[in-house]
Amino acid sequence: MVDWKAIEEKWQKKWSEEKVFEPQIGEKPKFYITVAFPYLSGHLHVGHARTYTIPDVIARFKRMQGYNVLFPMAWHITGSPIVGIAERIKHRDPQTIFVYRDVYKVPEEILWTFEDPVNIVKYFMKAAKETFNRAGFSVDWSREFHTTSLHPQFNAFITWQFLKLKEKGLVVKGTHRVRWDPVVGTPLGDHDLIEGEDVQILEYILIKFILEENGKRIYLPAATLRPETVYGVTNMWLNPDATYVKAKVNDEIWVISREAAYKLSFQDKKIEVLEEFKGEKLIGKWVKNPVTGDEIIILPADFVDPDNATGVVMSVPAHAPFDHAALEDIKKNTELLLKYDIDPRIVENISYISLIKLEGYGEFPAVEEAQKLGVKSQEDKEKLEQATKNIYKAEFHKGVFKIEPYKGVPVSKVKDLIANDMKEKGIADMMYEFAEKNVISRFGNRAVIKIIHDQWFIDYGNPEWKEKAREALANMKILPESRRAQFEAIVEWLDKKACARKVGLGTSLPWDREWVIESLSDSTIYMAYYTISRVINKHGIKGEQLIPELFDYIFLEEFSGAREEELGKKTGIPKEVIREMKEEFEYWYPLDWRCSAKDLIPNHLTFFIFNHVAIFKKKHWPRGIAVNGYGTLEGKKMSKSKGNVLNFIDAIKENGADVVRFYIMSLAEHDSDFDWRRAEVAKLKGQLERFYELIEQFASYEIREGVKLKDIDRWLLHRLNKAIYETTKALDEFRTRTASQWAFYSILNDLKWYMRRTEGRDDDAKRYVLRSLADVWVRLMAPFTPHICEELWQKLGGNGFVSLAKWPEPKEEWWNEELEIEEEYIKDLIDDIKEILSVAKIENPKRAYIYTAEDWKWKIAEIVAQKKDFKAAMSEAMKDPEMRKKGKEVANLVNRLIKERVFEVKRIDEEKALRESKDFIEKEIGLEIIINPEEDKGGKKKQAMPMKPAVFIE
RNA sequence: GCGGGGGUUGCCGAGCCUGGUCAAAGGCGGUGGACUCAAGAUCCACUCCCGUAGGGGUUCGAGGGUUCAAAUCCCUCCCCCCGCACCA
């Protein structure tokens with residue numbers, strides 16, 4: 001049995017004592033890799049383990065390749081969730097207590113101290129650090145820090161960052177729409193909602209139809225998502241039973257539903273209700289279309305929902321199935337019309353106005369679609385929904401507008417064009433509305449949409465900035481490369497991003513102290529801070545000493561003794577120390593790799609690019625991003641609220657760090673997800689134990705010089721070379737799964753085969769080969785399973801730490817492609833014979849006769865491989881008089897080889913290979929074999945082809 | 001709706017970018033065998049269908065197309081997952 005825990009503790013202690021992972025700047029080429037620091041509202045789980053193990057494996061790999069590697073870590077505690085948790089603990093919220101006591105296993109006496117958010121942060125920072133140490137991460141802890149004003153030095157850095165952004169005009173103030181609790185008076189984030197987290201916010205265009213009343217202008221703002229259809233309005237719809245109001249809206253008089261008046265009061269509208277009445281009051285009146293000037297009649301419609309947008313709807317029956325159905329219904333309903341004193345002939349005479357040319361449809365797509373789906377009346381709501389969806393989609397994507405002045409413009413473009421034109425002329429307004437009704441805050445109130453002012457934004461929409469971000473991205477490596485498209489799309493799409501709020505932990509905006517910089521905005525360039533963090537920690541530099549000018553010098557200016565002198569005086573930091581910081585930054589920057597899980601692509605990782613290009617010189621722009629996928633647990637998504645979580649630390653305690661590391665690395669690659677299965681982990685543990693025992697055994701073998709190797713020995717060394725080559729290639733691209741397959745499984749399988757092939761042998765050659773293999777294998781595995789590899793490296797008598805040992809490289813003299821082909825040849829032959837035995841059901845087989853392809857067949861194969869064409873190959877072959885003698889046979893063979901496209905031929909000595917492996921083949925198939933006898937048994941001889949000998953079994 | 005990514009043999013998951021060597025890697029599961037007093041572990045074989053000589057047939061979401069040749073390229077359709085911001 002392997003004592004995982006003892007081995008892990010032993011080596012973790014040694015690494016730490018000897019500061020193996022605390023690089024000093026120097027002459028060696030540097031390699032700087034970071035990973036998104038964790039937000040510490042709880043323990044890390046095995047999904048996180050993936051994100052952090054990848055960069056560690058890469059760091060270890062590059063370190064062994066001779067790079068000076070920096071892999072630092074810090075903690076993110078910015079934001080409101082931790083404050084919210086403290087709040088909920090204080091109020092003894094059962095769900096929160098369940099998560100912290102039962103899922104995260106926080107001891108009771110500590111749990112109650114969590115009423116203070118600072119204690120939560122302290123507890124989980126400590127826990128996370130312990131977890132990372134116990135995972136064997138090669139982190140340089142001398143650079144550790146955490147965010148927010150609780151860390152004055154980092155606070156000073158973020159202050160500097162925001163001053164820079166402000167200076168460049170990239171932080172701006174503006175208005176913004178938010179989900180809002182109208183009772184409590186607070187913005188609502190996703191986690192503040194008990195219902196409706198994913199409800200969209202729609203932007204309705206309000207088109208102000210004009211109602212003349214006693215010579216006064218009153219507006220009926222019809223709400224629509226299709227402003228272009230204003231040209232096809234035939235009538236208006238109001239719900240006769242709903243309550244409407246006449247209200248003073250800013251300086252105009254509007255008629256809207258009572259609900260709309262309430263909602264609009266949050267959207268920059270000063271509302272004063274003058275009068276309330278039922279919709280029926282306006283039925284039968286006439287209003288004027290502000291765009292076309294048409295006079296149209298207001299008709300009654302039950303389907304108009306006063307709780308959606310303004311409750312005022314314009315009717316476009318040619319292009320809106322609902323309007324069409326309702327209009328046809330009402331045409332037949334003379335009784336209803338008479339009730340409102342409307343002359344039925346007026347309605348009868350309403351004619352549809354066609355606006356959009358749509359391929360596959362005639363004048364009135366809505367009418368056709370309704371018919372097609374079998375709509376009988378406006379009561380067929382489901383069918384009408386479907387028809388609306390179909391028409392909307394089709395017209396939007398394929399429709400062409402046909403009314404001047406927009407004739408010929410695609411609907412997808414004309415929509416915004418018309419809306420903007422109307423807004424400019426003051427005949428249209430807009431209104432935000434939820435796509436669904438039930439959006440409920442955690443306080444139990446129905447949310448509204450509010451427009452807030454004075455919000456600070458980072459202006460990612462700035463065109464010059466975008467251009468620089470594009471440039472940086474184009475020059476970066478993205479892994480996997482297939483994610484680049486997403487990055488590009490996000491860069492284009494990003495616009496103003498609110499960067500500060502009034503609650504939570506963080507750094508204050510330097511020019512507006514009541515605002516706290518939010519978490520996605522204070523985590524974009526901290527990789528630069530790591531470079532100087534060691535010096536700051538070492539010399540105990542205080543936050544107030546880190547003045548903006550000092551950061552300017554370190555990060556943005558050229559080396560200057562005079563500046564250092566000057567800044568030394570200003571800050572009280574010795575100028576040598578300032579020089580040290582400057583050197584660290586210049587040495588380590590730019591960052592080589594940024595790692596994170598894929599969920600951060602649309603925000604953090606892209607902000608990371610933007611902020612770097614905004615602040616730093618081009619030579620310091622980041623070089624690469626690698627993203628990874630998530631993890632599930634036994635096929636299910638991990639969810640702490642359901643308790644379905646495996647904490648990283650618990651996984652380590654259960655299985656050992658090396659097992660967990662290797663398991664996670666071997667499961668999935670790049671951005672695909674992995675699934676943690678207990679049974680498989682246990683299996684892997686067994687395999688790694690066997691690995692340990694094998695190496696231990698091989699360690700006792702001496703390497704003797706000058707041993708004579710057999711083919712199969714050299715075969716194994718060749719395969720080992722290949723494993724080295726492929727592992728290295730995979731790790732260069734962060735493909736940990738492929739790498740682990742080559743570094744472990746491939747070698748294990750080859751070793752099994754080798755043992756089978758050499759059963760009974762125990763000689764110097766075998767011992768030499770196995771010992772050589774051990775030496776390589778341990779180093780290939782070291783990035784994945786560093787602890788047991790250190791232990792094994794010691795047993796192998798290696799120098800120093802395996803963590804710092806030289807990464808293996810293929811040995812020129814070990815390559816032997818031919819042997820690999822020969823070995824495949826033997827395997828194939830054994831398979832063939834076994835198949836014959838099973839298919840032919842030969843009774844009592846005694847021996848197998850093997851015939852290899854005659855020399856001329858090889859020659860023909862080589863000619864075909866070269867010529868790749870029947871005629872050319874034949875004429876080449878016929879130059880040889882020997883070949884001419886068997887012209888027909890040659891032609892047949894050439895024909896067949898061409899047909900089968902056997903264009904890659906590497907000649908081996910088949911008979912030699914067979915004789916070398918004769919005993920083995922006989923043992924495997926349980927028959928005597930006779931190689932190339934004189935006699936042509938069973939007339940099979942002629943069937944022999946290159947690489948495929950003929951076989952006859954008797 | 002917008003944006004990104006997918007649908008592969010019982011399951012998970014490679015391969016598809018650079019068409020042929022793909023019935024399609026690897027793992028899991030399953031079946032049989034070796035070992036063992038036995039179990040476990042380990043090792044070996046098989047695991048789409050058919051087949052008394054190493055072969056043949058039908059597959060890679062659906063339907064078309066390009067090609068001597070397509071899981072791989074093009075078009076159309078269906079289905080699924082993720083993100084859409086002030087939230088870490």
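All chains are named by letter (A, B, ...) in the order of the sequence lines, taking the proteins before the strands, and each is independently numbered beginning at 1.
What separates CE of Met665(A) from C1' of G27(B) is a distance of 17 Å, to the nearest Å. Across the protein-nucleic acid pair, Tyr754(A) atom OH and C43(B) atom P stand 18 Å apart, rounded to whole Å. Atom pair Asn603(A):CG and C86(B):P shows a separation of 11 Å (rounding to whole Å applied). G13(B) atom P lies 13 Å from atom CD of Glu669(A), rounded to whole Å. In this structure, Lys722(A) places its NZ atom 17 Å from P of A25(B), rounding to the nearest Å. Whole-Å rounding puts the Gln687(A) CD to C43(B) C1' distance at 13 Å. What separates CZ of Arg483(A) from P of C82(B) is a distance of 13 Å, to the nearest Å. If you measure from atom CG of Leu837(A) to atom C1' of U52(B), you get 12 Å, rounded to the nearest angstrom.
The nucleotide whose nearest atom lies closest to any side-chain atom of Gln200(A) is, among G27(B), C86(B), G1(B), G1(B). The listed nucleotides are G26(B), U42(B), G4(B); the one nearest the side chain of Gln741(A) is G26(B). Closest approach to the Trp493(A) side chain among A85(B), C86(B), C43(B) is made by A85(B) (side chain taken as heavy atoms from C-beta onward). Of the listed nucleotides (C43(B), A85(B), G51(B)), G51(B) has the atom at the smallest distance from the side chain of Val839(A). When distances are taken from the side chain of Arg677(A) to each of A85(B), A14(B), C12(B), the shortest belongs to C12(B). Relative to the side chain of Lys948(A), the nucleotides A45(B), G55(B), A53(B) differ in distance, and G55(B) lies closest. If you check A14(B), A53(B), G4(B) against the side chain of Ser672(A), the one that comes closest is A14(B). Candidate nucleotides C86(B), G27(B), U52(B) were compared by shortest atom distance to the side chain of Glu680(A), and G27(B) ranks first. Candidate nucleotides G29(B), G54(B), C86(B) were compared by shortest atom distance to the side chain of Val951(A), and G54(B) ranks first. Considering only side-chain atoms of Lys683(A), the nucleotide from G29(B), A85(B), C86(B) that sits closest is G29(B).
For Phe952(A) and Gln486(A), each mapped to the nucleotide of RNA chain B holding its nearest heavy atom, the one lying further toward the 5' end belongs to Gln486(A). Comparing Tyr392(A) and Arg177(A) by the nucleotide of RNA chain B that holds the closest heavy atom to each, the one mapping nearer the 5' end is Tyr392(A).
Using a 4.0 Å cut-off, no side-chain N or O of Lys598(A) falls inside it from OP1 or OP2 of G83(B).
The two residues Ile517(A) and Thr78(A) have their closest heavy-atom pair at O-CG2, 3.6 Å.
If you check every strand for non-hydrogen atoms under 4.0 Å, Gly686(A) touches nothing. When heavy atoms are screened at a 4.0 angstrom cut-off, Ala679(A) is found touching no nucleic acid atom at all. Within the nucleic acid shown, Arg737(A) comes within 4.0 Å of at least one base atom, counting heavy atoms only. Nucleic acid contact for Ser41(A): none, since no nucleic acid atom lies under 4.0 Å from a heavy atom of the residue. Lys496(A) comes within contact range of at least one nucleobase, with a heavy-atom separation under 4.0 Å. Asp495(A) comes within 4.0 angstrom of a nucleotide base, judged by non-hydrogen atoms across all strands. Within 4.0 Å (heavy atoms only), Ile833(A) reaches no atom of the nucleic acid at all. Here Asp675(A) lies out of heavy-atom contact (under 4.0 Å) with every strand. Residue Pro949(A) is in base contact, counting any heavy-atom pair closer than 4.0 Å across all strands shown. Within 4.0 Å of Thr738(A), counting heavy atoms only, lies no atom of the nucleic acid at all. Counting any heavy atom pair closer than 4.0 Å across all strands shown, Gln943(A) reaches a base atom. Contact annotation for Leu520(A): base contact, defined as any heavy-atom pair under 4.0 Å involving a base atom.
Looking at His604(A) and Asp599(A), their side chains never bring a donor and an acceptor atom within 3.5 Å of each other.
The nucleotide A41(B) finds no pairing partner, because no Watson-Crick or G-U wobble arrangement with both distances shorter than 3.5 Å includes it. Both distances falling under 3.5 Å, in either a Watson-Crick or a G-U wobble arrangement, place G10(B) opposite C28(B). Checking A85(B) for Watson-Crick or G-U wobble geometry (two distances, each under 3.5 Å) identifies no partner in any strand. Nucleotide G63(B): paired with C75(B) (Watson-Crick or G-U wobble, both distances less than 3.5 Å).
Using a 4.0 Å cut-off between a side-chain N of Lys or Arg and a carboxylate O of Asp or Glu, Lys948(A) and Asp832(A) qualify as a salt bridge.
With rounding to the nearest 0.5 Å, the separation of CZ in Arg226(A) from CD1 in Ile205(A) is 13.5 Å.
Between A25(B) and G13(B), the two C1' atoms lie 10 Å apart (nearest whole Å). Between C60(B) and U9(B), the two P atoms lie 10 Å apart (nearest whole Å). Here the separation of G40(B) from G19(B), taken at their P atoms, is 49 Å to the nearest Å. Distance check on atom C1': G6(B) versus G61(B) gives 11 Å, rounded to whole Å. A71(B) and C84(B) are spaced 38 Å apart, taking the P atom of each and rounding to whole Å. A23(B) and U67(B) have their C1' atoms separated by 22 Å, with the value rounded to a whole Å. The gap from the C1' atom of C35(B) to that of C82(B) amounts to 50 Å, rounded to the nearest Å. Comparing the P positions of G20(B) and A85(B) gives a spacing of 43 Å, expressed to the nearest Å.
A donor-acceptor pair is defined here as one N or O able to donate and one able to accept, closer than 3.5 Å; such a pair exists between the side chain of Glu433(A) and the backbone of Ala309(A).
Judged by the 6.0 Å distance and 45° axis criteria, Lys827(A) is positioned over the aromatic ring of Trp753(A).
Proximity of Arg678(A) to Glu634(A): side-chain heavy atoms (C-beta onward) are separated by under 4.5 Å at one or more points. In this structure, Lys637(A) and Tyr630(A) have side chains that are not in contact, with every pair of non-hydrogen atoms separated by 4.5 Å or more.
Ring centroid separation for the pair Trp75(A) and Phe124(A) does not come in under the 6.0 Å cut-off.
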